[in-house]
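Lettering follows sequence order; numbering is per chain, from 1. Quick note: numbers below take in every heavy atom, side chains included, and nothing from hydrogens, waters or symmetry partners.
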Amino acid sequence: MLALVDCNNFYASCERVFDPKLKHRPVVVLSNNDGCIVARSQEAKALGLQMGEPYFKVKELLDRHKVAVFSSNYALYGDMSQRVMTVLQQFAPDVEIYSIDEAFLDLDGFRDLPELARTIRETVRQWTGLPVSVGIAPTKTLAKLANDTAKKNPGYNGVCVLDTPELWKPLLHEFEVGDVWGIGPQYKKLLNKHGINTALQFSQLPETWLRKHMSVVGARTAKELRGQPCLELELHADLKKGITVSRSFGKRITEFTELEQALASYVSRAGEKLRRENLLAKHMLVFMHTSPFAKDAAKDPYYAPSLSFAMPLHTNYTPELIHYALRALKEMYRPGYRYMKCGVMLTDLLPEGTETLDLFDRRDTVKQSKLMAAMDQVNQKMGTRTLFYAGAGIRQKWSMIAARKSPSYTTDWQGLIQVKAV
DNA sequence: TCTGGGGTCCTAGGACCC
DNA sequence: TCTGGGGTCCTAGGACCC
């Protein structure tokens with residue numbers, strides 16, 4: 001048996017932990033650049049606010065209902081996530097951290113699963129302040145479904161155990177096929193067209209049909225709904241395939257030098273990520289684009305070039321990465337466009353020390369990694385951008401908007417919560 | 001008029017996830 | 001004026017090889 005433990009409205013709940021005044025107030029958290037809504041408290045959902053809804057479109061509604069609005073604070077959410085995972089690891093030896101707010105637990109050999117599920121839920125609540133839901137079933141897909149059921153139906157008190165077909169079959173019959181894990185909007189449309197509306201109907205489709213229309217992935221999902229495990233618990237993350245850093249700008253950019261600064265700082269971030277995981281990259285993709293939402297396409301045309309190339313040698317040395325990225329940028333840049341976003345993707349990754357040595361490699365890689373290590377250390381200790389490349393710009397006029405960010409209560413001394421006796 | 005077959009590697013695009 | 005960011009997996013089709 002597997003458990004899926006999932007934090008309820010994770011980002012919104014994190015904000016609430018440190019500000020009790022928010023307890024019964026609707027809360028929403030915005031994406032980068034305060035662009036759209038990415039998390040909603042229960043009360044905010046009840047107001048009809050949708051996931052992914054652009055902020056500017058619902059601003060008035062938010063004001064009217066006195067909704068508490070936050071820019072996203074990833075330092076806070078990341079730290080709270082770690083706390084939750086640490087608690088979960090006390091309950092089971094094998095835990096797969098699936099995302100920032102959910103984990104699968106291997107419960108083989110455990111007895112009285114409903115009682116265990118309630119204990120997990122209460123302990124996380126008590127030790128971190130965060131509400132979670134627990135779903136238990138023999139496969140990941142069913143555990144997801146159980147979790148979803150526990151979350152959406154108050155009668156379950158946040159816990160749902162589906163350990164026999166007699167328990168899950170009636171639920172499958174009630175469950176919308178589009179809400180099944182692994183079935184997105186496209187497949188939902190296709191399935192509905194063929195008269196498949198419930199998870200139960202889907203789970204009974206013939207293998208050949210599934211393979212033909214939804215590939216092996218769809219066939220696996222159906223099997224999992226029948227209680228046949230196809231997806232293993234992934235206990236050790238395998239080698240990363242790629243690292244991407246991209247951002248929308250706080251305002252449109254037209255100048256080459258500003259693009260250069262933005263790209264250089266994203267590439268620096270990508271370099272940090274590589275080094276943190278002791279990886280080297282060989283391949284680079286640089287991309288940029290103007291707004292796809294432009295009202296007047298004649299005045300504000302869409303332009304979205306990208307350049308993908310192999311670097312001569314594997315590297316994680318930021319100046320080298322910046323060099324190739326800026327060269328690509330220069331090649332793609334056309335004046336007269338209003339750029340909205342750019343980014344870099346590094347692929348062909350290899351753990352440090354496993355790359356083949358090149359006879360003609362003239363780089364002093366020892367010196368380079370010492371320099372990078374020193375820089376990373378300073379930035380980790382003193383805050384990001386304590387040390388940075390001048391090419392990334394000293395005054396970043398294009399940087400992101402985060403007008404409503406809460407303090408980083410748990411990771412920054414300045415953000416430490418203050419309690420006053422009166 | 002008929003125009004092989006099978007393998008591998010790469011890329012682009014489409015689907016999904018949080 | 002204002003629409004996020006970072007991933008994974010699968011398949012089809014083209015290039016190339018023998």
Can you see which heavy atom on A:Ile322 is nearest to which on A:Ser268, and at what distance? CD1-OG, 3.9 Å

Should A:Lys282 and A:Glu355 count as an ion pair when the cut-off is N to O under 4.0 Å? no

Sugar-phosphate only, base, or nothing, as touched by A:Ile100 at under 4.0 Å among non-hydrogen atoms: nothing

Of the options A:Lys45, A:Lys151, A:Glu43, which is the one that meets A:Asn9 in a side-chain hydrogen bond (donor to acceptor under 3.5 Å, both in side chains)? A:Lys45

With sequence neighbours left out, write down each residue that passes ring-ring contact (aromatic ring centres under 6.0 Å, His included) with A:His194, or none if nothing qualifies. A:Trp209, A:His213

Pair A:Phe202 and A:Trp181, ring centroids less than 6.0 Å apart: no

For A:Lys341, which contact category applies under a 4.0 Å heavy-atom criterion: base, sugar-phosphate, or nothing? sugar-phosphate

When all nucleic acid strands are considered with a 4.0 Å heavy-atom cut-off, which category describes A:Arg211: base, sugar-phosphate, or nothing? nothing

Runs of at least three Watson-Crick or G-U pairs with DNA chain C, cut-off 3.5 Å: B:5-18 with C:5-18

A:Cys14 and A:Leu130 have their tightest heavy-atom pair at N-CD2, 3.8 Å

If you walk 5' to 3' along DNA chain C, what is the first nucleotide with an atom under 4.0 Å of a heavy atom in chain A, and what is the last? C:dC2 to C:dT11

For A:Tyr74 and for A:Val216, find the nucleotide of DNA chain C with the closest heavy atom, then tell me which residue's nucleotide is more 5'. A:Tyr74

Are the side chains of A:Tyr302 and A:Tyr337 in contact, using a 4.5 Å heavy-atom criterion? no

Judged by each residue's nearest nucleotide on DNA chain C, which is more toward the 5′ side, A:Lys295 or A:Arg247? A:Lys295

For the residue pair A:Phe287 and A:His289, categorise the inter-ring angle as parallel (less than 30°), tilted (30 to 60°) or perpendicular (more than 60°). parallel

A:Arg269/A:Glu272 ion pair, N-O < 4.0 Å: yes

Using the C1' atom as the reference point in each nucleotide, state the distance between C:dG4 and B:dC17 in Å, no decimals. 15 Å

Within residues 26-59 of chain A: residues closer than 4.0 Å to DNA chain B (heavy atoms): none

Could you tell me whether A:Lys144 and A:Glu102 make a salt bridge, using a distance below 4.0 angstrom between a side-chain N and a carboxylate O? yes

Checking all strands, does A:Lys140 fall into the base, sugar-phosphate, or nothing category for heavy-atom contacts under 4.0 angstrom? nothing

How would you label the contact of A:Arg220 with the nucleic acid (heavy atoms, under 4.0 Å): base, sugar-phosphate, or nothing? sugar-phosphate

Side chains of A:Asn32 and A:Ser248: is there a donor and an acceptor less than 3.5 Å apart? no

Give me the residues of residues 185-192 of chain A where at least one heavy atom lies under 4.0 Å from an atom of DNA chain B, by number, or none. A:Pro185, A:Gln186, A:Tyr187

Scan the side chains in residues 51-66 of chain A for donor-acceptor partners under 3.5 Å anywhere in the protein, sequence neighbours excluded, and list what turns up.
residue, atom, partner, partner atom, Å
A:Glu53, OE1, A:Gln50, N, 2.9
A:Tyr55, OH, A:Arg404, NE, 3.3
A:His65, ND1, A:Leu61, O, 3.2

Using modelled atom types only, decide if a donor and an acceptor are shared between the side chain of A:Asn33 and the backbone of A:Ile401 within a distance under 3.5 Å. yes

